[in-house]
Amino acid sequence: MLMQNNHAFENAEKKVEAIAAGQSLSSLFLSSAAEPVAAGKAICWEGDQARHLFQVEEGVVRLHRIIGEGRRVITAFHFAGDLIGASLQNDFIFTAEAVTECKIRRMSRKSFHEEVARSDALGPAYISLLCQEATAAHEQMVLLSKKNAEERLCSFILKLASRRNLRPRQGLVRVPMNRQDIADHLGLTIETVSRTITKLASRNIVIPEGRHDLRIVNIARLKQLSGDADDFSDDSCHRVNLH
């Protein structure tokens, strides 16, 4: 009897593993045809009814909003494998545009939520995605409200380098967006972005190579300048006894 229970338990575990392996949020989009989107073209518009979700198949997409006096604020960049619009319910609160030549897949919001609701594997995956989006929004708020220009740019470069599909090879990081995009994402002017990159290059920390590549020469220093490094070492801190 005990052996039968063990077998049943093992079979249940294998079933859960099979579901998790065969089903993911990305897999829901595979039945949709990949649509080409030219660089600079919109995928959806701010204020439109959010009838669909999108998955980036290839390329890079920027999300932006227009605020007072026509100023553009880029709230996020999405890369291959990322989903766009998962946390929205009614209307798009951003315009999504292709930064590079892209391919995207779309799925109706109704179908997406129905599939998530009927799957034991997709529910937790969806919750995880929503948590990741909330964390990213919090990090962006901290970056814009508390960090100076150098810290913002260093944080941005490290974030690009940490992505699996942009992992630096011999320190080389691909930067598909232009400097105006970077400026609008970091709340800076394009002049400040250019000046900060030049400053980092003069200190042999990050060196531009061509229009869309940066070579990270000193990643430890880059992390320190991002404002996120753990600086509580014996060399940088004093030991204090509390009574």
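Source: prediction; values computed, not measured. Note that the numbering runs from 1 along the sequence shown for the chain. Side-chain atoms are counted along with the backbone in the values below, which use heavy atoms only and exclude waters and symmetry mates.
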Are [X] and [Y] connected in the hydrophobic side-chain network, where two residues link if heavy atoms are under 4.5 Å apart?
{"X": "L25", "Y": "L130", "value": "yes"}
{"X": "W45", "Y": "I74", "value": "no"}
{"X": "L158", "Y": "L160", "value": "yes"}
{"X": "V116", "Y": "F29", "value": "yes"}
{"X": "L200", "Y": "I219", "value": "yes"}

Intermediate values then yes/no, side-chain contact (heavy atoms from CB on, under 4.5 Å), I205 and V217: CA-CA 5 Å; I205 298 170; V217 180; 6.0 Å; no
Starting from the C-alpha separation in whole Å, work towards a yes-or-no answer on side-chain contact (heavy atoms from CB on, under 4.5 Å) for E115 and M107. CA-CA 11 Å; E115 291 292 337; M107 183 178 189; 3.9 Å; yes
side-chain hydrogen bond (donor to acceptor under 3.5 Å, both in side chains) for S128 and Q132? Distances and angles first, verdict last. CA-CA 6 Å; S128 177; Q132 290 171 25; 3.2 Å; yes
What's the separation between atom [atom1] in [X] and atom [atom2] in [Y], rounded to the nearest 0.5 Å?
{"X": "Q55", "Y": "L83", "atom1": "CD", "atom2": "CG", "value": "5.5 Å"}
{"X": "L186", "Y": "R179", "atom1": "CG", "atom2": "CZ", "value": "12.5 Å"}
{"X": "R106", "Y": "S111", "atom1": "CZ", "atom2": "OG", "value": "13.5 Å"}
{"X": "I157", "Y": "I197", "atom1": "CD1", "atom2": "CD1", "value": "6.0 Å"}
{"X": "C154", "Y": "R221", "atom1": "SG", "atom2": "CZ", "value": "9.0 Å"}
{"X": "N148", "Y": "T192", "atom1": "CG", "atom2": "OG1", "value": "11.0 Å"}

Which atoms form the tightest heavy-atom contact between [X] and [Y], and what is the distance?
{"X": "A96", "Y": "L63", "answer": "CB-CD2, 3.6 Å"}
{"X": "R109", "Y": "A50", "answer": "NE-O, 3.0 Å"}
{"X": "P176", "Y": "V99", "answer": "O-CG1, 3.8 Å"}
{"X": "G187", "Y": "L144", "answer": "N-CD2, 3.9 Å"}
{"X": "C102", "Y": "V61", "answer": "SG-CG2, 4.0 Å"}
{"X": "A183", "Y": "I190", "answer": "CB-N, 3.7 Å"}

E151 and S226: side-chain donor and acceptor closer than 3.5 Å?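 Distance-only check fails for E151 and S226.
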For T75 and Q140, test the side chains for any donor-to-acceptor distance below 3.5 angstrom and give the result as yes or no.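 The answer is no; no qualifying pair exists.
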Does a side-chain N-to-carboxylate-O contact under 4.0 Å join [X] and [Y]?
{"X": "E97", "Y": "K41", "result": "no"}
{"X": "E191", "Y": "R195", "result": "no"}
{"X": "E58", "Y": "R105", "result": "no"}
{"X": "E46", "Y": "R65", "result": "yes"}

Residues which pass side-chain contact (heavy atoms from CB on, under 4.5 Å) with N90, listed by chain and number, not counting sequence neighbours: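 So N90 forms no side-chain contact (heavy atoms from CB on, under 4.5 Å) with any residue.
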side-chain hydrogen bond (donor to acceptor under 3.5 Å, both in side chains): pairs with one or both residues in residues 204-213, sequence neighbours excluded: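 Those involving residues 204-213 are R174-D213, E209-R215.
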For Y126, give me all partners under ring-ring contact (aromatic ring centres under 6.0 Å, His included), at least two apart in sequence or on another chain.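 Checked Y126 against ring-ring contact (aromatic ring centres under 6.0 Å, His included); matches are F112, H113.
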Do F156 and L143 have side chains that get closer than 4.5 Å, going by heavy atoms?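 They are not in side-chain contact.
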Can you confirm whether S155 sits close enough to K147 that some side-chain heavy atom of one is under 4.5 Å from a side-chain heavy atom of the other?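 In contact.
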Qualifying ring pair (Phe, Tyr, Trp, His ring centres under 6.0 Å) pairs with a residue from residues 49-70, counting only residues at least two apart or across chains: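 Sorted pair list comes back empty.
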Whether over 12 other heavy atoms sit under 6.0 Å from R51 CZ: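 12 or below, so no.
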If only atom types and distance count, is the side chain of R152 paired as donor or acceptor with the main-chain N or O of A149 below 3.5 Å?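 Side chain of R152 to backbone of A149, a donor-acceptor pair under 3.5 Å: no, none is there.
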Where the side chain of T100 meets the backbone of G59, is there a donor-acceptor pair that is under 3.5 Å apart?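 Between the backbone of G59 and the side chain of T100 there is no qualifying donor-acceptor contact (under 3.5 Å).
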Test log, rule side-chain contact (heavy atoms from CB on, under 4.5 Å), inputs L28 and L122: CA-CA 10 Å; L28 297 179; L122 295 181; 3.7 Å; yes
side-chain contact (heavy atoms from CB on, under 4.5 Å) between V175 and I182: does it pass, once the steps are laid out? CA-CA 10 Å; V175 185; I182 296 172; 3.9 Å; yes
List for me each residue that meets salt bridge (charged side-chain N to carboxylate O under 4.0 Å, His left out) alongside K159, sequence neighbours excluded, and say none if there are none.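 K159: no salt bridge (charged side-chain N to carboxylate O under 4.0 Å, His left out) contacts found.
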If the condition is salt bridge (charged side-chain N to carboxylate O under 4.0 Å, His left out), which residues does D181 pass it with, not counting sequence neighbours?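 By the salt bridge (charged side-chain N to carboxylate O under 4.0 Å, His left out) rule, D181 matches R62, R72.
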